[in-house]
Amino acid sequence: MKKEWKAPADRTEQILARHGVAITLGGEPTYVPFEPDGAEWNTTAVGPTKLATAYRYLEEVAKVVAPKGLCFFSPGKSYPGEINPRWTLHLLWRRDGRAMMKCARQRFGAREGGQTIPRTVLRQVQAEISRSLGLDSPWLRGVDPLESTRLTGVLPLDHQEGHWLSARWLPGRKTSFELLGAEGPAGLRLPLSQVPEGVSRRALVLEVNGDCLDIFLPPLLRKPFAELLRKVGLILEKAKLPFRLLGYVPSDENRRWEKLSAAPDPGVLEVNLPACATWREYDRWIRLLDAAAERAGLRPCKILSEEESVGTGGGNHLLFGGPSTDENAFFRRPGLVTSIIRYWQKHPSLSYLFTGHYVGSSSQAPRPDESSRALYDLEMAYRYLENLGEGDHRYIISETLRHLHTDGSGNTHRSEISFDKFWSVNWEGGCRGLIEFRAVETLPHPEWTSAVAALWIGLAALQLEKPCRTPLHDYAGTLHDRFFLPAYLWEDLERVLRDLGKIGIALPQPTFRAIWEWRFPAMLEVWDQGGAMVVRKAHEGWPLLCETPIEGGSTSRFVDTSIERLEFLTDAGLAKKAEIFVGGHRLNLREFPGGKMGAGLRYRRTMLYPSLHPGISPHMPLRVSVVVDGGRRDFLLQEGRRRFEASEVKGRLSRKPCQSLRDSLATCDLRLS
């Protein structure tokens, strides 16, 4: 951490402490390989290399933070349209630094080839485990229909009232059964539907994987889970067997462990940080994780050229929470929750500056006021919560906000400020007291990622010092028109930074300026004695289209990505003597932030099927002409290029200006011209 960040970090912690509020920070950075080839690193969640990559990555992390830690392969979430559930890798270690089990021979991932563990060795390990647990019930043999020679041992196992129990799964003297034909480890392919009613369906599963023994642990509470690990570890150490751990990791109510997880997400590997008590802790984690990613052949961005990079395409969602559900300040202070929401609504830079280029109502993180939710209902909900008295209001906060903070289809997870992990009596995973900010993308430098987190936690402190209670702002059609443009976003962020400065949290502005310039790269710069004109890439809200039939007889809803937006920004001196033409049409400039003159421009770059307005042709190559004192310079943006290039190709210039739907708009649309 550089010294210029120390003072604002100290000040933030002082404010939170003075108000008696402890807020934890969580994060979900995403990574891609140096060469992100294949669907799994561009569009789909899982693929042939992602699991091995995740193992390699966590091994690098473990070397630094958890040399005595354990890595678990666990079943992940199921998603519509995906045949199999996804997986999750958990890195688990004790807070006191002690080992959870003998793990010198732990494997991070499987290895090809090598000598196979003999059946006699497997039987010996099974017998030792049974004796250690005080059980005399036989192990069952799982027959793999996909690989009949693979050795698999299954011990029905549960723990009740301090004792280990093993139930009878098969009738008579039968000792073997066939595993399900699905993909995945044997522990997830047990034919549990064939187990008799009223019998525990939990089991410890040993599976020979070459020279490595895969150990699948059943769902257990923390104490028996730790006991089973310890006993199995001693047996494996004695047998000198390499092993991998799989199965279910219990929750840790006593906070004796730390856990870091990695999971597949479309196009990326997503990492879930442990909850950080301070921003300093978050900063340390981000720097450590980025360094481990580099050693594992991963990056927090995609490199387009030596000079240009873009985000991974995944998020880096930030989460506010509490040290525990009993210590969660948001449960007791609904006014703090609404103050945060109100402040974010008034400052679109917090919604659009740190996210990817896919923004708006159909994106992964739409604002509450762009998700078909009326300001009337939002205002009513926030006022109700602000008028609640003292007490624990977790349930009513959740029930009030979860129906409003959604996307247009009602998906609570796809919302800029999501409450689907706040509190739910119907889903244990939603009972964690978390407020998730989803309009945040992974950035290419750890100091940038940390800067955004410092901004977020600083703004939480601001809401304690100066609660935001003013009514929600009605943008009346200007939200996307102006705040999809870089100049307006920077002006708004400057206001935010000034607000923080007034309470003593002076965040270094150059870091945020660097993020802004990376997020909105310059595509053309034209210099003259009167000043400069800069054309930057701007945001665009790609609309969701209606259901379209696809191969196989089903339907899909596509997003129309054919439209892009640019920002033209000129110094006032150049604007007085220069004329700017786009596609042959004159671009009228208006007053912009910072004493500049500028305009936004929407144009059609492609025409893929399906798309809106199929009768309008693309405007590529896009020609920009600058006329100063009778001299003319032309530039072309070719398809597939990210910058305009000087061109000798001349075209006719029209005095007819680029049109906009209303004169009050800052953005015109070449499709109207």
Side-chain angles (χ1 to χ4, degrees), residues 70-75 90 92-94 98-103 105-106 117 119-142 151-177 179 185-208 213-241 243-254 256-257 259 428:
L70 299 175
C71 183
F72 287 82
F73 174 100
S74 295
H90 299 295
L92 199 68
W93 67 98
R94 288 182 59 128
R98 296 169 58 189
M100 300 178 70
M101 67 177 291
K102 297 284 186 179
C103 57
R105 299 177 185 273
Q106 179 183 202
I117 297 173
R119 184 184 296 274
T120 55
V121 174
L122 175 62
R123 287 176 175 172
Q124 181 180 356
V125 170
Q126 291 174 344
E128 289 288 338
I129 291 176
S130 293
R131 280 194 294 269
S132 177
L133 299 178
L135 300 174
D136 58 4
S137 53
W139 284 70
L140 307 177
R141 176 172 173 256
L151 301 177
T152 301
V154 179
L155 178 66
L157 185 65
D158 206 342
H159 188 275
Q160 295 178 12
E161 299 179 353
H163 300 284
W164 293 101
L165 306 173
S166 183
R168 178 176 291 277
W169 278 13
L170 302 179
R173 296 184 178 182
K174 188 176 181 181
T175 60
S176 66
F177 56 83
L179 299 173
L188 292 177
R189 299 163 55 203
L190 302 175
L192 298 180
S193 62
Q194 301 176 22
V195 176
E197 290 292 333
V199 173
S200 172
R201 299 183 178 185
R202 302 180 182 185
L204 175 67
V205 181
L206 305 185
E207 184 177 9
V208 174
L213 187 62
D214 285 354
I215 305 165
F216 193 99
L217 277 71
L220 295 168
L221 296 177
R222 184 194 61 80
K223 190 173 181 179
F225 172 82
E227 179 186 340
L228 183 60
L229 279 177
R230 181 179 59 81
K231 291 185 174 183
V232 170
L234 291 173
I235 294 168
L236 294 175
E237 186 69 12
K238 181 180 177 181
K240 295 181 170 46
L241 283 178
F243 65 91
R244 290 193 311 168
L245 293 172
L246 305 89
Y248 299 89
V249 176
S251 59
D252 177 26
E253 297 84 359
N254 296 331
R256 295 185 178 181
W257 305 333
K259 184 174 71 173
E428 184 180 355

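- You'll find the side chain of Pro185 stays beyond 4.5 Å of the side chain of Asp214, heavy atoms only.
- Taking a 6.0 Å sphere around CG of Asp136, one finds it holds 12 or fewer heavy atoms contributed by other residues, nucleotides or ligands.
- For the pairing with Glu227, the side chain to side chain donor-acceptor pair (under 3.5 Å) check across Lys231, Lys223, Arg230 returns one residue only, Lys231.
- Residues Lys259 and Asp252 form no side-chain contact, since every pair of their non-hydrogen atoms from C-beta on lies 4.5 Å or further apart.
- You'll find the side chain of Leu228 stays beyond 4.5 Å of the side chain of His159, heavy atoms only.
- Ring pair Trp169/Phe177 is tilted by interplanar angle, where 30° to 60° counts as tilted.
- Ring geometry for Phe216 against Tyr248 counts as perpendicular: the plane angle is over 60°, on a 0 to 90° scale with 30° as the lower cut.
- Between the side chain of Asp158 and the backbone N or O of Ser200, no donor-acceptor pair lies under 3.5 Å.
- Put simply, the side chain of Leu179 reaches to within 4.5 Å of the side chain of Leu190, judged on heavy atoms.
- The number of heavy atoms from other shown groups lying within 6.0 Å of CG (Leu192) is above 12.
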Candidate pair Val232 and Phe243, rule side-chain contact (heavy atoms from CB on, under 4.5 Å), full reasoning
CA-CA 11 Å; Val232 170; Phe243 65 91; over 6 Å; no

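- Between the Thr152 side chain and the Glu207 main chain, no donor and acceptor come within less than 3.5 Å of each other.
- When each of Gln124, Lys102, Glu128 is checked for a side-chain contact (heavy atoms from CB on, under 4.5 Å) with Lys238, only Glu128 meets the rule.
- Residues Leu135 and Leu155 meet the side-chain proximity criterion, which asks for heavy atoms closer than 4.5 Å.
- Two residues are said to be in side-chain contact when any heavy atoms from C-beta on lie closer than 4.5 Å; Leu133 and Leu157 meet this criterion.
- Taking 4.5 Å as the limit, some side-chain heavy atom of Gln126 sits within range of a side-chain heavy atom of Leu206.
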